[in-house]
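Take a look at the following structure, please.
The analysis underlying the following values was restricted to heavy atoms, covering all of them including side chains, and did not include hydrogens, waters or symmetry mates.
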Amino acid sequence: MSTITADHRVTHAARTKSELLRKLLEWGGFGAGAILIAFGVVAIAMGFSGRATVADSLKLEKIVGSADMTPALIAKEAKDAGLTNVANMPTVDVAGKAIDNGARARAFASYMRIHALEASGGFTYAQMGRFTAKPDAPKAELAVGGGTDNPQFAVIDAASKQPVANGVRNLWVTETALTTALNTSYMADRLGLFGIVVGIALLLSGIGFIVLAFAALHRTKVAAPLI
């Protein structure tokens with residue numbers, strides 16, 4: 001009789017321990033699922049908020065694509081200007097369209113770069129000299145894209161007595177600042193979209209955890225048959 005009682009106690013203790021472990025796993029699954037769902041909701045909300053901020057900021061600038069901002073027209077302009085082998089030619093039509101989202105901001109920036117290349121004859125900022133060169137400046141003192149970095153061969157401003165800045169090079173500075181801002185808007189817009197996608201993934205993962213915990217662990221305990 002004592003042996004049967006001892007076995008019964010051991011069996012009862014094992015069942016109690018198993019039941020406790022089952023409960024811990026069950027509530028752990030529910031807790032993990034709830035946390036993932038919460039993170040997913042927050043990520044989705046932040047993603048939509050970020051994209052809305054980008055759109056609102058762009059709308060404040062009231063940027064509208066010019067009439068030549070179509071792939072066909074800008075290609076013709078570049079060809080007429082003598083530009084060859086230009087990388088990253090625009091592929092999105094924004095002519096007459098408000099620049100109010102990240103994709104259009106990136107497209108507008110690509111058109112701006114072509115306009116800057118047309119103005120500089122195809123040369124970039126790094127290929128141009130800082131100052132406007134004198135007509136008789138030696139060729140050795142001229143930059144590849146025009147102008148000079150040597151103040152001795154630069155045109156001098158009569159009023160300030162300082163070398164005259166290379167206007168085309170300064171145009172590149174302005175273009176670079178604006179296109180960087182527009183491309184940053186595009187990046188922020190894409191990050192917002194990425195946040196939404198990650199949020200949805202977290203949301204689905206959380207729901208999956210809860211379903212798994214319920215299906216695998218939260219089951220009705222069947223009473224042991226009496227012997």
Side-chain angles (χ1 to χ4, degrees), residues 34-128 130 145 165-207:
I35 292 173
L36 287 173
I37 289 174
F39 282 174
V41 171
V42 171
I44 291 171
M46 291 178 66
F48 277 111
S49 176
R51 299 193 77 191
T53 299
V54 170
D56 292 341
S57 298
L58 288 171
K59 288 176 183 177
L60 290 175
E61 301 304 320
K62 304 184 186 303
I63 306 171
V64 178
S66 58
D68 65 338
M69 288 187 173
T70 67
L73 289 179
I74 202 67
K76 182 178 183 302
E77 280 189 11
K79 183 178 179 181
D80 293 342
L83 303 181
T84 58
N85 300 322
V86 178
N88 302 321
M89 287 292 289
T91 57
V92 179
D93 184 349
V94 294
K97 298 178 182 178
I99 308 304
D100 54 6
N101 59 51
R104 288 184 179 179
R106 186 187 185 192
F108 190 89
S110 66
Y111 283 105
M112 286 183 62
R113 186 173 189 277
I114 303 302
H115 287 164
L117 285 170
E118 291 172 2
S120 68
F123 296 103
T124 62
Y125 171 86
Q127 294 176 300
M128 294 181 280
R130 295 167 54 201
N166 187 344
V168 180
R169 190 173 189 263
N170 288 345
L171 181 146
W172 262 102
V173 174
T174 303
E175 184 272 341
T176 300
L178 293 175
T179 54
T180 299
L182 290 170
N183 285 323
T184 300
S185 296
Y186 170 77
M187 181 180 68
D189 182 76
R190 296 296 96 179
L191 286 174
L193 180 60
F194 176 74
I196 293 171
V197 173
V198 170
I200 293 173
L202 290 173
L203 195 62
L204 294 176
S205 297
I207 294 173

### Interatomic distance, Thr70 atom OG1 to Lys97 atom NZ [nearest 0.5 angstrom]
10.0 Å

### Criterion side-chain contact (heavy atoms from CB on, under 4.5 Å) on Glu118 and Leu83, from CA distance to verdict
CA-CA 7 Å; Glu118 291 172 2; Leu83 303 181; 3.8 Å; yes

### Message
Using modelled atom types and a 3.5 Å cut-off, is there a donor and acceptor pairing between side-chain atoms of Glu61 and backbone atoms of Leu58?
### Response
no

### Gap separating the CG atom of Leu204 from the CD1 atom of Ile37, nearest 0.5 angstrom
9.5 Å

### Query
When you measure from the side chain of Tyr111 to the backbone N and O of Met69, does any donor-acceptor pair fall under 3.5 Å?
yes

### Task
Specify the closest pair of heavy atoms between Pro90 and Ile114, including all atoms of both residues, with the distance to one decimal.
CD-CG1, 3.9 Å

### Task
Provide the closest heavy-atom pair for Leu36 versus Gly206 in the form atom of the first, atom of the second, distance.
CB-CA, 3.6 Å

### Atom pair CD1 (Ile44) and CZ (Phe39), whose distance is rounded to the nearest 0.5 Å
13.5 Å

### Query
With side chains defined as the heavy atoms from C-beta onward, is the minimum distance between Leu203 and Val41 less than 4.5 Å?
yes

### Task
Examine distances only and state if a side-chain atom of Ser120 and a backbone atom of Ala116 form a donor-acceptor pair shorter than 3.5 Å.
yes

### Message
Can you give me the closest heavy-atom contact between Val54 and Ser185, atom names plus distance?
### Response
CG1-O, 3.6 Å

### Sequence-distant partners of Arg169, salt bridge (charged side-chain N to carboxylate O under 4.0 Å, His left out), two or more places apart
none

### Task
Can you measure from OG1 (Thr179) to NE2 (His115) and round to the nearest 0.5 angstrom?
13.0 Å

